[in-house]
Amino acid sequence: MGKWLVGLFGIVSVVTQIEADYPDTTNVIDFHNLENNTPENLQVLEQSTMSFTKEELLSKKIYTFKGYPGFYVIKDLMTPEKQIYWIKQALETYPNPPNITNHTMKNGEILDIFKRSVEGDESAKNYLKKLAWCTLGYQYEWTTRKYHKDKFVQFPHDIGNFCDLIACQCNYGPYKPEAAIVNFYSKDRLMGGHVDDAEYEMTKPIISLSIGSKSIFLLGGETRDTEPKAIFLESGDCMIMGGRARYCFHGIARILKDTIPEYLQTKFVDPKYKIYAEYMERDMMRININARQVFVDEEQKQDFDTNGPVTSSQ
Ligand SMILES: *[C@@H]1O[C@H](CO)[C@@H](O)[C@H](O)[C@H]1NC(C)=O
Ligand SMILES: *[C@@H]1O[C@H](CO)[C@@H](O)[C@H](O)[C@H]1NC(C)=O
Ligand SMILES: O=C(O)CCC(=O)C(=O)O
């Protein structure tokens, strides 16, 4: 129980194809259904006393985990409309050049993978099936685990504003998201344990949005020796990985079957969104958008833009 997934630690990509590795869900922390938790997990999970004032966050329940200060999950933060909006962006806009996807290195720039796939283009269909990630803002290079100097693309305002709002409400503001990774998970495309440490600014959290299938997220410690905690993340949830948790190993161990919410299913969505629902359902998809602030301040950012990767942070 709770063992780390094997494979992939940042060699080509941290997204890999592995079998579901978390068959027994008895010990998974479930903040959506408190009655499903073991007594031990209920000891760990507490509702945060943090007060959210902005209207959108007012009624949301925020959870925090003993032993992981700075780590929060906000249940059902995104409305169904927002989730559909971001699925649409993640499929139609974000993977377009100059943004980099997992296909770029091998196959060059590919335009409109989703649109052409829906139109029936076989090669686009194949690329869509294997679309595993794309990067936004400062483009992260998985091979060197560094950010590119010359490949900056303006960070999307929609994600930027949303994340800044969340960060400010968690006392992490002001927050300037400068890079994001969009991950496309499927039943057999998960993510092994890793630490995100390519950012110069490590005191600001990673803000991560979950859309689609329910998943099992593993949160470990600062070394691989710590037994990770398993947590369900569902569609609409937001995870804020700050404080000590910013330095902790984490990964996605499993995507659960038949867990796409009704409002994202082909049977129930507005017909104009059916193409997105079909994509999500076909492979039990889960889309994750996770944003980071890369630089400590404007001066460091400008230095990076001029001279490239800074060797020692600060
Ligand atoms: C990403 O794209 C590459 C190149 O097209 C492909 O070989 C690979 O299977 C895709 N998926 C992952 C998880 O890297
Ligand atoms: C690429 O990513 C940026 C964010 O880096 C986003 O604003 C933009 O819509 C994406 N697509 C294109 C074609 O630039
Ligand atoms: O999919 C998730 O919720 C986590 C993503 C993640 O760990 C990452 O991209 O660093």
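As the structure lists them, so they are numbered: ligands from 1, and atoms in each ligand from 1. When a residue number appears, it is its place in the shown sequence, counting from 1.
Side-chain atoms of I87 and M285, non-hydrogen and from C-beta on, never get closer than 4.5 Å to each other. Within the 4.5 Å cutoff, no side-chain heavy atoms of I287 are placed close to those of Q83. Here the side chains of I231 and F71 are in contact, with some heavy-atom distance below 4.5 Å. Side chains of D237 and D76 form a contact here, defined as non-hydrogen atoms less than 4.5 Å apart.
Close contacts of ligand 1 with R189, meaning ligand atoms under 4.0 Å from a residue heavy atom, involve 13 (C). Atoms of ligand 1 found under 4.0 Å from any heavy atom of N107, numbered from 1 in the order shown, are 4 (C), 5 (O). The distance from ligand 3 to the heavy atoms of N290 drops below 4.0 Å at these ligand atoms: 5 (C), 8 (C), 9 (O). For ligand 3, the atoms closer than 4.0 angstrom to any heavy atom of I252 are 1 (O), 2 (C), 3 (O). Heavy-atom contacts of S208 reach the following atoms of ligand 3: 3 (O) (cutoff under 4.0 Å). Numbered from 1 in the order shown, with element, the atoms of ligand 1 that lie under 4.0 Å from a heavy atom of K130 read 1 (C), 10 (C), 11 (N). Below 4.0 Å from some heavy atom of D196 lie the following atoms of ligand 3, by number and element: 10 (O). Counting the atoms of ligand 1 from 1 in the order shown, those under 4.0 Å from a heavy atom of K106 are 7 (O).
E81 and Y263 share no donor-acceptor pair across their side chains, judged by distance under 3.5 Å alone.
In this structure, F152 and Y138 have tilted ring planes: the angle between them lies in the 30° to 60° band. Using cut-offs of 30° and 60° on the angle between ring planes, the pair Y200 and F295 is parallel.
I181 does not count as a contact of ligand 3, since none of its heavy atoms falls under 4.0 Å from the ligand. Remark: distances from the non-hydrogen atoms of S210 to ligand 3 are all 4.0 Å or more. Contact annotation: Y185 has at least one heavy atom less than 4.0 Å from an atom of ligand 3.
Distances from atom 3 (O) of ligand 3 to the heavy atoms of R292, R286, H250, M239 show the closest one on R286.
With sequence neighbours left out, the side-chain hydrogen bond (donor to acceptor under 3.5 Å, both in side chains) criterion links D112 to N96.
If you look at N183 next to ligand 3, the close heavy atoms, those under 4.0 Å, all belong to the side chain. Residue-level proximity to ligand 3 for M241 is absent, since no heavy atom of it falls below 4.0 angstrom.
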Dump all N/O pairs between ligand 2 and the protein below 3.5 Å as a table: atom names plus distance, one pair per row.
{"from": "ligand 2", "atom 1": "2 (O)", "to": "N99", "atom 2": "OD1", "distance (Å)": "2.9"}
{"from": "ligand 2", "atom 1": "2 (O)", "to": "N99", "atom 2": "ND2", "distance (Å)": "2.2"}
{"from": "ligand 2", "atom 1": "5 (O)", "to": "G137", "atom 2": "N", "distance (Å)": "2.6"}
{"from": "ligand 2", "atom 1": "5 (O)", "to": "V153", "atom 2": "O", "distance (Å)": "3.4"}
{"from": "ligand 2", "atom 1": "5 (O)", "to": "Q154", "atom 2": "O", "distance (Å)": "3.1"}
{"from": "ligand 2", "atom 1": "11 (N)", "to": "T93", "atom 2": "O", "distance (Å)": "3.1"}
{"from": "ligand 2", "atom 1": "11 (N)", "to": "N99", "atom 2": "ND2", "distance (Å)": "3.1"}

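Relative to the ring axis of Y175, K204 does not place its NZ or CZ within 45° and under 6.0 Å from the centre.
The shortest N or O to N or O distance between Y127 and ligand 1 is not below 3.5 Å.
Here the straight-line distance linking atom CG of L219 with atom CE of M241 works out to 7.5 Å at 0.5 Å rounding. Annotation: the span from I252 atom CD1 to Y185 atom OH amounts to 4.5 Å, rounded to 0.5 Å.
Taking every heavy atom of both residues into account, F155 and A291 meet most closely at CZ-CB, 4.3 Å. Nearest heavy atom pair, residue T306 against residue Q302, reads OG1-O, 2.7 Å.
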